[in-house]
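Protein chains get the first letters and strands the later ones, always in sequence-line order, with residue 1 at the start of each.
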Number of protein chains: 2
Amino acid sequence: MNKKEIFSSFLKLRGFRFTPQRERVLEEAFSIHKHFEAEDLLVRIRQNGHRVSKATIYRTLALLIQCGLLREVIFGERHSHYEHTLGPKHHHLICLRCGKIIEFTDETIERVQQRVCEKHRFEPSQRRFEIIGYCENCAKHL
Amino acid sequence: MNKKEIFSSFLKLRGFRFTPQRERVLEEAFSIHKHFEAEDLLVRIRQNGHRVSKATIYRTLALLIQCGLLREVIFGERHSHYEHTLGPKHHHLICLRCGKIIEFTDETIERVQQRVCEKHRFEPSQRRFEIIGYCENCAKHL
DNA sequence: TTTGCAATTGAGTCTAAGTTTCAACTACAA
DNA sequence: TTGTAGTTGAAACTTAGACTCAATTGCAAA
């Protein structure tokens with residue numbers, strides 16, 4: 001199943017519709033291969049000669065998160081960022097000075113999560129592991 | 001050095017002042033022994049018969065974070081929460097349904113952080129490890 | 001003690017992300 | 001064809017937090 005099928009069957013299942021606007025947002029969200037914000041989608045959709053309202057973009061992003069195709073990631077800023085859930089799970093090093101985001105993977109984390117969730121009988125659906133500080137270059141300028 | 005001394009010497013060091021308002025915010029922030037938000041401080045300060053403006057509270061919180069006495073934690077909501085940095089480092093299980101926050105500690109995480117930071121020559125100043133999902137009770141109601 | 005200056009404060013204004021509202025529109029099933 | 005429920009966009013709204021600025025205050029040097 002590709003993204004489109006996943007999303008449309010997710011929608012159908014709960015009596016929602018797979019509309020042209022929702023398809024547009026889906027396509028655009030997956031044409032970006034890094035973290036993005038709602039505003040990015042708005043701009044790119046417009047640049048490609050289409051038009052989807054802000055409200056619909058936010059509504060669709062919420063659906064894409066619900067159906068598990070996207071995940072919300074939180075950097076220092078006051079607005080949300082999104083990323084694809086496909087591909088290996090990764091975490092982030094966030095530079096406070098230049099804003100650079102370095103991704104890393106670590107399989108120990110998965111085991112920690114399992115252990116902790118078992119202990120507290122917690123049902124995980126996603127996680128966030130972010131180390132905040134200064135990248136190699138910026139650390140020199142402190 | 002207690003909190004007051006840490007804060008006031010942090011301020012003096014950079015030519016800032018340890019004012020009554022800043023002291024008020026410090027005291028109030030440390031009289032709460034769990035996560036809190038800016039609004040909580042505003043209310044509590046007023047309840048104790050004092051008065052510190054919203055602007056000053058936000059400004060002082062930023063200073064307390066800078067000097068390392070407080071840390072910003074991010075739960076699902078659109079506004080910030082804060083916690084004391086003193087005491088053992090811990091992480092959070094966040095329930096999406098009832099909003100409950102369960103704290104846990106895990107020493108493996110510290111080692112993961114060290115390993116990752118060394119590899120990327122990253123200078124860490126804080127971290128976030130949050131597992132988002134459903135607590136034992138809420139998992140039943142899904 | 002006085003003086004001058006830079007830091008600080010509070011009230012109010014502003015910003016921007018995201019949400020809500022609602023009337024018009026649309027897909028689909030009966 | 002019609003009824004119903006989902007969807008859309010425009011605009012208004014919400015809210016945390018940042019900014020502005022005139023008035024105030026703390027402190028260091030005279």
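- The separation between R24(A) atom CZ and dT8(D) atom P is 14 Å, rounded to whole Å.
- Side-chain proximity of A55(A) to dG9(D), dT9(C), dG17(D): nearest is dG9(D).
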Would E130(A) and R127(B) satisfy salt bridge (Lys or Arg N to Asp or Glu O under 4.0 Å), going step by step from the backbone distance to the final call? CA-CA 6 Å; E130(A) 287 154 12; R127(B) 70 160 173 266; over 6 Å; no
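- In terms of phosphate contacts, Q21(A) brings a side-chain nitrogen or oxygen within less than 4.0 Å of OP1 or OP2 of dG9(D).
- At least one side-chain nitrogen or oxygen of S80(B) sits closer than 4.0 Å to the OP1 or OP2 atom of dG17(D).
- Using a 4.0 Å heavy-atom distance criterion, R51(B) is classed as a sugar-phosphate-only contact.
- Distance CZ (F18(B)) to C1' (dT9(C)): 16 Å, rounded to an integer number of Å.
- Contact annotation for R78(B): backbone-only contact, meaning every heavy-atom pair under 4.0 Å involves sugar-phosphate atoms and none involves a base.
- Checking E72(A) against T60(B), the closest nucleotide of DNA chain C that is more toward the 5' end is the one next to T60(B).
- In this structure, L42(A) atom CG and dA16(C) atom P are separated by 15 Å, rounded to whole Å.
- Crowding of R121(A) atom CZ: a count of heavy atoms from other residues, nucleotides or ligands under 6.0 Å not exceeding 12.
- When the shell of 6.0 Å around CD of E5(A) is examined, it contains more than 12 heavy atoms from other residues, nucleotides or ligands.
- Residue R14(A) contributes atom CZ, which lies 17 Å from atom C1' of dA5(D) at whole-angstrom precision.
- Taking 3.5 Å as the limit, the base of dT25(D) and the side chain of R17(B) contain a donor-acceptor pair of atoms between them.
- To the nearest angstrom, P of dA17(C) lies 11 Å from CG of D40(A).
- Counting non-hydrogen atoms under 4.0 angstrom, F16(B) reaches the backbone sugars and phosphates but no base.
- When ring centroids are compared, H84(B) and F30(B) come within the 6.0 Å threshold.
- Mapped onto DNA chain D by nearest heavy atom, K12(B) and E39(B) fall at different nucleotides, with E39(B) at the one closer to the 5' end.
- Note: F7(A) and F10(A) have parallel aromatic rings, judged against thresholds of 30 and 60 degrees for the angle between ring planes.
- Ring orientation note: the planes of F104(B) and H91(B) are tilted relative to one another, at an angle of 30° to 60°.
- As a whole-Å value, the separation of I57(A) CD1 from dA17(C) C1' is 13 Å.
- Nucleotide dT14(D) holds its P atom 24 Å from the NE2 atom of H79(A), rounded to whole Å.
- With distances taken from any side-chain atom of T19(A) to the nucleotides dT7(D), dG10(C), dT8(C), the minimum falls on dT7(D).
- With hydrogens and angles ignored, no donor-acceptor pair closer than 3.5 Å exists between the side chain of R59(A) and the base of dG18(C).
- At the phosphate of dA18(D), neither OP1 nor OP2 sits under 4.0 Å from any side-chain N or O atom of Y58(B).
- One donor-acceptor pair, N or O on each side, does fall under 3.5 Å between the base of dG18(C) and the side chain of K54(A).
- In this entry the distance linking CZ of R22(B) with C1' of dT8(C) reads 6 Å, nearest Å.
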